[in-house]
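Notes follow once the structure below has been shown.
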Amino acid sequence: MELLGYLLSALTPLNILMALGGVILGTVIGALPGLSATMAVAVLVPFTFTMDPATGLIALGAIYTGAIYGGAFAAILVNTPGTPSAIATTFDGFPMAKRGDGSLAVTLATLSSVFGGLVGGVFLLLLSPPLAKIALAFGPPEYFWLAMFGLTLISALSVGNTLKGLMGGCLGLMLAMVGVAVVGGDLRFTMNSQILLGGFDIVSALIGLYCIPVLIDLVATRDPHLKIEEGNRGIRLFEALGIAWNSKFNVIRSSILGTVIGVLPGAGGSVAGLVSYSEARRSSKTPEQFGKGAPDGVIATETANNATVGGGFIPTLVLGIPGTPPDAIILGALLVQGIKIGPTLFTQQGEIVYTFIFGLLIATLLMLPAGLLIGRYAYKSIASIPKTMLVPTIAFLTIIGSFAIHSNIHDVQMMFGLGIVGWILNRCGFAPSPIVLGLVLGQIAEQGFVQSYLIGNARGEIATMFFGRPISLGIIALAVFTLLYPFYAHRKKNRELAKQAAENPGRDIMGDAKASATIPKTGLLSQPRDMAGTLVAVILIVICAWALSQTPSMTPMGSVFPTTIASALIAFAAIFVLINILRKPAVKTTNGAPGSKSGSKSGAESTPRRIGLIVAMGLWIAAIPFIGFLAAGIIAFFALIAIANYDGLPARGIVIHLLSGCVIVSAMYFLMAEILLIRMPQGILF
């Protein structure tokens with residue numbers, strides 16, 4: 001009966017209004033790269049101090065859960081995760097949007113997010129104390145191996161690029177070490193540059209590595225960004241419900257995985273999404289469809305990352321250990337309100353905490369109509385926007401989003417630089433996701449590794465510390481299984497196809513009119529030589545050799561992790577180079593080298609426009625401190641309109657584009673400067 005009373009307390013008109021407003025605001029913020037859930041919660045915390053404690057917490061929780069869900073919009077529509085937890089959503093969400101199923105992908109993400117959020121909230125309501133004990137069982141070695149498990153997951157998702165994925169993950173870990181060491185305080189790899197003192201910001205790196213390559217390729221052709229759906233199919237709710245029902249075991253499994261991983265402080269939605277995605281792919285009857293627009297990929301990721309919201313509140317409320325930055329901010333709000341965190345919270349101040357939990361569940365339910373309403377117009381709107389407006393708008397959002405994190409122009413410069421590097425690496429077959437995940441997990445991995453090393457060294461049992469604990473061994477076994485299983489499944493499928501080809505000579509067993517009954521060899525050495533990847537591997541070896549030369553000047557605490565990861569990266573890169581030396585050179589075809597892009601449907605890609613976009617954005621960022629953020633934004637907006645314009649504009653169209661650009665830039669500037677109170681750079685103009 002007490003729980004019923006708490007539910008009624010949460011159902012007051014004010015609480016429902018706060019939940020609905022928080023979800024809508026959080027969804028919009030999460031959909032804009034750079035405007036993170038942490039920022040939204042931090043900015044609005046002071047406004048909750050005058051509210052009833054439960055009402056204020058409901059508003060903050062609704063913003064948080066809405067922002068985690070909102071990250072899916074950017075991931076699906078522009079291939080840029082709005083939040084790190086939506087990294088895996090890009091794998092299948094964006095391919096679905098490109099083929100014209102964007103509204104279906106958004107609806108699936110909405111349904112999955114609501115279900116996952118409800119499961120996480122129910123676990124928080126009923127099983128908080130038992131699940132909190134899971135977090136207590138994890139020590140430094142377990143957190144280190146958990147981070148490594150996350151990196152092996154994303155590396156193993158593509159059998160042919162596993163080595164590249166491992167190299168990308170190690171590169172992300174190396175980038176995470178730039179600046180002040182998380183343990184020991186050593187200053188590392190800054191090259192005496194003030195810009196690198198604070199290291200690489202995760203959100204800036206995420207925006208750069210995902211957004212900038214999309215922009216560069218967007219202006220290269222006249223092809224539309226997304227395929228416009230034929231007819232008015234709207235949100236395709238019943239179709240999405242049917243797909244979700246057929247994938248009910250995927251939904252339930254992902255919800256449980258997301259909740260349990262959310263309980264572990266620091267793991268968060270990015271690890272949960274990858275674990276669930278990998279498990280969905282492994283158990284699927286058609287794993288080859290993943291990465292090409294498989295609905296199950298979107299379902300697994302979005303179910304899991306929203307389930308982590310409820311799971312993350314378990315150690316926050318029961319143990320006072322925040323799992324994510326938003327959890328830490330909400331924990332601070334609880335302490336300011338005079339609420340004592342700990343196991344007695346649920347008995348001594350049950351009215352506040354249970355009302356908050358019910359409010360979180362209500363906010364999750366309200367996410368369904370709000371998300372469907374936003375999703376009904378989001379895909380169609382993005383798909384119908386001409387490139388002449390889409391390109392400068394996204395470019396402006398990348399710059400203002402990366403600047404808004406710390407009000408620092410250096411973050412914008414690093415975002416742009418990483419974006420250019422990310423585009424080059426992507427062209428060489430190195431996906432951005434392992435690099436970003438390495439950055440996200442870098443501090444967790446280093447802290448766990450160094451603490452384990454110090455404890456093991458003091459006891460004289462370093463190996464036992466890393467490899468002698470039951471939970472650690474379990475995670476290591478999962479990581480090894482994750483790396484090896486795709487190879488086993490791939491070889492098994494090839495053997496089955498070869499057997500069918502032998503039994504049915506001359507018959508098309510691939511189900512493709514162009515396929516041959518002869519099964520091509522797919523071993524590592526039978527593939528053509530990858531010269532671009534080999535060059536990148538050699539460069540990585542040189543960089544790691546330089547990094548190792550810097551470690552003697554560091555303390556043991558500051559040098560042990562860089563030495564380990566740099567050595568691992570050198571080993572992976574050397575193996576990759578050796579494999580490519582043993583391979584045969586690629587055979588050129590009439591369309592160029594195998595694996596190269598053959599161009600767009602409407603013609604060859606335009607290299608000058610790519611260069612023009614890079615130069616325009618570089619000048620834009622360089623001009624901000626001199627002429628001001630607003631003036632530089634308006635001028636650059638007009639320049640990018642010209643670069644993205646293939647067909648010319650009539651006089652009326654030019655006027656509309658110029659006015660629209662002024663309105664978009666001015667509105668975003670006003671939002672940042674006057675509402676969010678972010679200090680924007682001023683210059684000689686304005």
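Excluded from the calculations below are hydrogen atoms, water molecules and symmetry mates; all remaining heavy atoms, backbone and side chain alike, are included.
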Heavy-atom side-chain proximity of [X] to [Y] below 4.5 angstrom:
X: I76; Y: F94; value: no
X: M96; Y: P295; value: yes
X: Y210; Y: L206; value: yes
X: W423; Y: R610; value: yes
X: I216; Y: I420; value: yes
X: M414; Y: L196; value: yes
X: L640; Y: V219; value: no
X: V412; Y: I409; value: yes

Between [X] and [Y], is there a donor-acceptor pair closer than 3.5 Å when you use the side chain of the first and the backbone of the second?
X: S402; Y: I399; result: yes
X: T398; Y: A395; result: yes
X: N426; Y: G422; result: no
X: N250; Y: A280; result: no
X: D411; Y: F403; result: no
X: T65; Y: G61; result: no
X: Y64; Y: V309; result: no
X: N305; Y: T301; result: yes
X: D530; Y: G533; result: yes
X: R609; Y: N645; result: yes

Exercise. Mind telling me whether Y277 and F290 have parallel, tilted or perpendicular rings, with 30° and 60° as the class edges?
Key: perpendicular
Any chance you could measure [X], atom [atom1], to [Y], atom [atom2], to the nearest 0.5 Å?
X: M18; Y: L366; atom1: CE; atom2: CG; result: 12.5 Å
X: I654; Y: L659; atom1: CD1; atom2: CG; result: 12.0 Å
X: L439; Y: L209; atom1: CG; atom2: CG; result: 7.5 Å
X: I195; Y: F200; atom1: CD1; atom2: CZ; result: 10.0 Å
X: I664; Y: I634; atom1: CD1; atom2: CD1; result: 11.5 Å
X: L630; Y: F670; atom1: CG; atom2: CZ; result: 12.5 Å

Specify the closest pair of heavy atoms between [X] and [Y], including all atoms of both residues, with the distance to one decimal.
X: C428; Y: A532; answer: SG-CB, 3.7 Å
X: A272; Y: A304; answer: O-CB, 3.6 Å
X: T303; Y: V251; answer: CG2-O, 3.4 Å
X: D101; Y: R99; answer: OD2-NE, 2.8 Å
X: P434; Y: G165; answer: CB-O, 3.4 Å
X: L108; Y: A244; answer: CD2-N, 4.4 Å

Exercise. Determine, for F91 and R281, whether the Lys NZ or Arg CZ falls below 6.0 Å from the six-membered ring centre while staying within 45 degrees of the axis.
Key: no
Quiz item: Under 3.5 Å, is there a donor-acceptor pair between the D296 and S247 side chains?
Solution: yes
Exercise. Go through the steps to decide whether I643 and V391 satisfy the test side chain to side chain contact (heavy atoms under 4.5 Å, CB included), and finish with yes or no.
Key: CA-CA 9 Å; I643 292 171; V391 168; over 6 Å; no
Practice problem: Would you check, one step at a time, whether the test side chain to side chain contact (heavy atoms under 4.5 Å, CB included) holds for S204 with I207? | Solution: CA-CA 5 Å; S204 293; I207 294 172; 5.8 Å; no
Quiz item: Can you list the steps and then say if M167 with L171 is a side chain to side chain contact (heavy atoms under 4.5 Å, CB included)?
Solution: CA-CA 6 Å; M167 285 191 284; L171 176 60; over 6 Å; no
Quiz item: Would K98 and N79 count as a side chain to side chain contact (heavy atoms under 4.5 Å, CB included) if you check the C-alpha gap in whole Å, the side-chain angles of each, and the deciding distance to 0.1 Å?
Solution: CA-CA 10 Å; K98 290 212 67 165; N79 199 34; over 6 Å; no
Exercise. Only one of S113, S254, S112 passes side chain to side chain donor-acceptor pair (under 3.5 Å) with E302; say which it is.
Key: S113
